[in-house]
Novice: 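Below is a structure I'd like to ask you about.
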Amino acid sequence: AGVAGKSVAQTEVSWDYLKWGNGEVKNENIFLLVPIYGLTDNIELSVEIPYLIHDLRGGGSEEGIGDVNLVAKYLLITERERNPAFTIKGVIKMDNGYEDKGLGSGDKDYSLFAVASKTLGDITLHGMFGYTWVGNKEDSNLRDITLYGIAVDYALMEPLHILAEYSGNRHPDRTENEDPRNALAGISYKVSDRLTLDAAYRWGLSDSSPDWSTTMGAS
């Protein structure tokens, strides 16, 4: 639920590797660049720019820039002793990715999230619930979805944190019977006041999720 702060610039970079058990894509690499800027003490703006590489099950691959997200976060309530921090997050997913190569959906999506965070000693709890209005001009099978997640951040020592997360969403494809659900375990290490590194392993808990994935990043 935190925001950058007035006139503070941040950058996040990450690499995700996903292993799919079924479907046209066998392996997937996602390189993500996220520049962030604190417009005010309560408002943060960012852009999520993904570069995708799909290894196809039948051989060959497709790669290129995927659909870009424009993101705004507004901190409504600052965390205090008796209440969590509460933030509203809005996302516009653009339609710039090449749909025929599987790099985009061909439509814009609009999402709204409610996010809360509360620190209890060495433990910080996070919760998220969201709704996405999914564009379906290119595919009439697509539908709006709900998204949710809970996470725990435990400060094992000052620079090293242990992380755990459970997340899921309703499947956007009406023809799919099972919704994506995932569990994650990872660590983050604060190298300095200006640099934090992180790594995690994610398990797919349903057939519509990747079998497993790894992620590495820096902020």
Side-chain angles (χ1 to χ4, degrees), residues 1-5 8 10 12 14 16 18 30 32 34 36 38-48 50 69-93 109-134 143-156 158 160-172 178-190 196-206 208-210 212-217 219:
V3 293
V8 174
Q10 298 177 343
E12 297 178 1
S14 65
D16 283 32
L18 292 75
I30 304 174
L32 187 64
V34 186
I36 301 167
L39 192 63
T40 70
D41 287 336
N42 293 67
I43 299 175
E44 171 188 294
L45 304 177
S46 63
V47 181
E48 299 173 352
N69 288 333
L70 307 178
V71 183
K73 291 174 69 177
Y74 178 53
L75 178 63
L76 284 173
I77 301 173
T78 302
E79 181 180 0
R80 302 188 187 280
E81 183 178 353
R82 294 187 177 183
N83 65 267
F86 185 76
T87 296
I88 297 294
K89 176 180 175 180
V91 181
I92 301 175
K93 185 192 73 65
D109 298 344
Y110 303 90
S111 301
L112 188 64
F113 298 87
V115 186
S117 298
K118 185 72 176 84
T119 300
L120 304 169
D122 293 332
I123 296 176
T124 303
L125 305 175
H126 307 279
M128 175 274 291
F129 183 81
Y131 191 90
T132 297
W133 291 267
V134 177
R143 60 184 175 184
D144 296 346
I145 62 172
T146 53
L147 309 93
Y148 58 88
I150 55 174
V152 178
D153 179 327
Y154 175 64
L156 185 64
E158 176 56 31
L160 180 64
H161 288 228
I162 298 175
L163 317 169
E165 179 188 75
Y166 174 82
S167 62
N169 60 271
R170 184 168 78 159
H171 204 295
E178 196 168 5
D179 293 333
R181 291 175 288 110
N182 301 279
L184 174 147
I187 58 172
S188 69
Y189 186 81
K190 186 177 180 180
T196 298
L197 305 178
D198 62 77
Y201 186 92
R202 184 182 289 109
W203 295 265
L205 303 179
S206 69
S208 58
S209 302
W212 57 267
S213 62
T214 59
T215 181
M216 299 176 63
S219 301

Novice: Tell me if a side-chain donor or acceptor on N42 pairs with a main-chain N or O of L75 at a distance below 3.5 Å.
Specialist: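 Yes; at least one donor-acceptor contact below 3.5 Å.
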Novice: Without swapping roles, check the side chain of T87 against the backbone of A1 for a donor-acceptor pair under 3.5 Å.
Specialist: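 A pair under 3.5 Å: yes.
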Novice: For residues L45 and A72, report the shortest heavy-atom separation together with the two atoms involved.
Specialist: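 Closest approach of L45 to A72, heavy atoms only: CD2-CB, 3.8 Å.
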Novice: Decide side chain to side chain contact (heavy atoms under 4.5 Å, CB included) for L18 and I30; before the verdict, give the C-alpha distance in whole Å, the side-chain angles of both, and the deciding distance to 0.1 Å.
Specialist: CA-CA 8 Å; L18 292 75; I30 304 174; 4.0 Å; yes
Novice: Closest heavy-atom contact between S209 and G204?
Specialist: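 Distance-wise, the nearest heavy atoms are CB-CA, 3.8 Å.
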Novice: Is there a donor-acceptor pair closer than 3.5 Å between any side-chain N or O of R181 and the backbone N or O of L205?
Specialist: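 Side chain of R181 to backbone of L205: a pair is present.
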Novice: Are a donor atom and an acceptor atom from the side chains of R170 and T146 found within less than 3.5 Å of each other?
Specialist: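 On atom types as modelled, these side chains do not qualify, holding no pair under 3.5 Å.
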Novice: Using side chain to side chain contact (heavy atoms under 4.5 Å, CB included), reason through V152 and L125 one step at a time and then give a plain yes or no.
Specialist: CA-CA 5 Å; V152 178; L125 305 175; 3.9 Å; yes
Novice: Is there a side chain to side chain contact (heavy atoms under 4.5 Å, CB included) between Y74 and I43? Walk through the geometry before answering.
Specialist: CA-CA 5 Å; Y74 178 53; I43 299 175; 3.5 Å; yes
Novice: Taking all atoms of both residues into account, what is the closest heavy-atom pair of K118 and R82, and its distance?
Specialist: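 Residues K118 and R82, closest heavy atoms: CE-C, 4.4 Å.
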Novice: May I ask you to decide if T196's main-chain N or O and S219's side chain share a donor-acceptor pair within less than 3.5 Å?
Specialist: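 Side chain of S219 to backbone of T196, a donor-acceptor pair under 3.5 Å: no, none is there.
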Novice: Identify, with sequence neighbours excluded, every residue that meets salt bridge (charged side-chain N to carboxylate O under 4.0 Å, His left out) alongside K89.
Specialist: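 Salt bridge (charged side-chain N to carboxylate O under 4.0 Å, His left out) list for K89, sorted by chain: empty.
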Novice: State the CD-CG distance between E12 and L32, to the nearest 0.5 angstrom.
Specialist: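 Separation between the atoms: 8.0 Å.
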Novice: Indicate the atoms forming the closest heavy-atom contact of M128 with G130, along with that distance.
Specialist: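 Taking M128 first and G130 second, the nearest heavy atoms are SD-N, 3.9 Å.
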Novice: Between the main-chain N or O of I187 and the side-chain N or O of D198, is there a donor-acceptor pair closer than 3.5 Å?
Specialist: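 Between the backbone of I187 and the side chain of D198 there is no qualifying donor-acceptor contact (under 3.5 Å).
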Novice: When you measure from the side chain of Q10 to the backbone of A4, do you find a donor-acceptor pair of N or O atoms at a distance under 3.5 Å?
Specialist: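 Absent.
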Novice: Quick check for you: to the nearest 0.5 Å, what is the distance between T215 atom OG1 and L184 atom CG?
Specialist: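 So the OG1 of T215 and the CG of L184 are separated by 8.0 Å.
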Novice: Would you say that Y131 contacts L112 through its side chain, given a criterion of any heavy-atom pair below 4.5 Å between the two side chains?
Specialist: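 They are not in side-chain contact.
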Novice: Determine, stepwise, if the pair D16 / R202 fulfils side chain to side chain contact (heavy atoms under 4.5 Å, CB included).
Specialist: CA-CA 10 Å; D16 283 32; R202 184 182 289 109; 4.0 Å; yes
Novice: Using 0.5 Å steps for rounding, measure from the CG atom of L120 to the OG1 atom of T124.
Specialist: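 These two atoms lie 7.5 Å from each other.
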Novice: From I162 CD1 over to Y154 OH, what is the distance, rounded to the nearest 0.5 angstrom?
Specialist: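 I162 atom CD1 to Y154 atom OH measures 7.0 Å (nearest 0.5 Å).
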Novice: For the pair Y166 and Y148, name the ring-plane relationship: parallel under 30°, tilted 30 to 60°, perpendicular over 60°.
Specialist: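 Geometry flag for Y148 against Y166: tilted rings.
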Novice: What do you reckon, is OH of Y201 surrounded by more than 12 foreign heavy atoms closer than 6.0 Å?
Specialist: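 For Y201, atom OH is crowded (more than 12 foreign heavy atoms under 6.0 Å).
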Novice: Taking atom CG of L197 and atom NZ of K190, what is their separation to the nearest 0.5 Å?
Specialist: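 Between L197 CG and K190 NZ, I get 12.5 Å after rounding to 0.5 Å.
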Novice: So, taking the atom named CD1 in I150 and the one named OG in S167, what distance separates them when rounded to the nearest 0.5 Å?
Specialist: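 The OG atom of S167 is 9.5 Å from CD1 of I150, to the nearest 0.5 Å.
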Novice: Quick one: does any side-chain atom of R143 pair with a main-chain N or O of H171 as donor and acceptor, under 3.5 Å?
Specialist: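 Yes; at least one donor-acceptor contact below 3.5 Å.
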Novice: State, to 0.1 Å, how close S208 and E178 come at their nearest heavy-atom pair, and which atoms those are.
Specialist: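 Heavy atoms of S208 and E178 come nearest at OG-O, 3.0 Å.
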Novice: Determine yes or no for a side-chain-to-main-chain donor-acceptor pair under 3.5 angstrom, with S117 supplying the side chain and A85 the backbone.
Specialist: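 A pair under 3.5 Å: no.
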Novice: Which atom names give the shortest non-hydrogen contact between T78 and N83, and what distance separates them?
Specialist: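 Nearest pair, atom of T78 first, then N83: O-ND2, 3.1 Å.
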